[in-house]
Amino acid sequence: MYTAQVGSGVNCSLFEITREIYEHVDDPEVEWPSRLIYEGRRLFMSVNDRCGPPYTVVFDSDYEDLCPWSDAAVSGKTWPDEMTDAVVEVLESQKNNREQRRRKRAEREKKGQ
């Protein structure tokens, strides 16, 4: 498994990426390597851009285990699971999170949460 971070601290995103993306991130022939990272599965997003109140979206609750090296930090309020589930179902950009979110939602429902 390959993971990557774009940004740092309270204004960053974590991704699960493919080996092919990983191998091209430092490629001098690639003009904007971070664009490749955005093709991966987003795990976590912390936003503090001063355009509104800071917030955090946890797409995969295992992000800390998947990216123990990261300096990502929660910023402001964290979106509730229900809101994150809805966004993942609606946005095409989050389609690679649907299977994982559906599985986690089923686990929560089974536990009665």
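For the numbers below, each heavy atom of this structure counts, side chains included, while hydrogens, waters and symmetry mates do not.
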Got a donor-acceptor contact below 3.5 angstrom from the [X] side chain to the [Y] backbone?
| X | Y | result |
| --- | --- | --- |
| Thr56 | Ser75 | yes |
| Ser46 | Val10 | yes |
| Arg42 | Gln94 | no |

Atom pair [atom1] ([X]) and [atom2] ([Y]), whose distance is rounded to the nearest 0.5 Å:
| X | Y | atom1 | atom2 | value |
| --- | --- | --- | --- | --- |
| Thr3 | Tyr63 | OG1 | OH | 13.5 Å |
| Phe59 | Glu16 | CZ | CD | 14.0 Å |
| Leu14 | Trp69 | CG | CH2 | 5.5 Å |
| Arg105 | Thr84 | CZ | OG1 | 11.0 Å |
| Asn97 | Asp60 | CG | CG | 7.0 Å |
| Arg98 | Gln100 | CZ | CD | 13.0 Å |

Task: Donor on one side chain, acceptor on other, Gln5 and Asp71, under 3.5 Å - done: yes
Any salt bridge between [X] and [Y], counting N to O under 4.0 Å?
| X | Y | answer |
| --- | --- | --- |
| Lys95 | Glu92 | yes |
| Glu99 | Arg103 | no |
| Lys104 | Asp81 | no |

- [ ] Could you point out which residue of Asp49, Asn48, Val47 forms a side-chain contact (heavy atoms from CB on, under 4.5 Å) with Cys51?
- [x]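 Result: among Asp49, Asn48, Val47, Asp49 is the only option passing the side-chain contact (heavy atoms from CB on, under 4.5 Å) with Cys51.
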Open item on the list: My understanding is that only one of Leu66, Val6, Leu36, Leu43 makes a side-chain contact (heavy atoms from CB on, under 4.5 Å) with Phe15; could you say which?
Closed with: Val6
Open item on the list: Other residues, nucleotides and ligands only: do more than 12 of their heavy atoms fall within 6.0 Å of OH on Tyr2?
Closed with: yes
Task: Which atom of Phe44 lies closest to which atom of Ala72, heavy atoms considered - done: CE2-CB, 3.6 Å
Task: Heavy-atom closest pair, residues Asn96 and Ser93 - done: OD1-O, 4.2 Å
Task: Heavy-atom check, side chain of Thr78 versus side chain of Val58, under 4.5 Å - done: yes
TODO: Evaluate the side chain to side chain contact (heavy atoms under 4.5 Å, CB included) criterion for residues Glu20 and Glu39: first the C-alpha distance (whole Å), next the side-chain angles of each, then the deciding distance (0.1 Å), finally the verdict.
DONE: CA-CA 11 Å; Glu20 292 78 21; Glu39 293 176 17; over 6 Å; no
Open item on the list: Is there a path of hydrophobic side-chain contacts, each under 4.5 Å between heavy atoms, that joins Val74 and Trp79?
Closed with: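 No; tracing contacts between hydrophobic side chains, which count when under 4.5 Å, never links both residues.
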TODO: Indicate if Leu91 and Met45 have the same hydrophobic cluster label, given that clusters are the connected sets of ILVMFWY residues with side-chain heavy-atom separations under 4.5 angstrom.
DONE: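 Linked, Leu91 and Met45 end up in one cluster.
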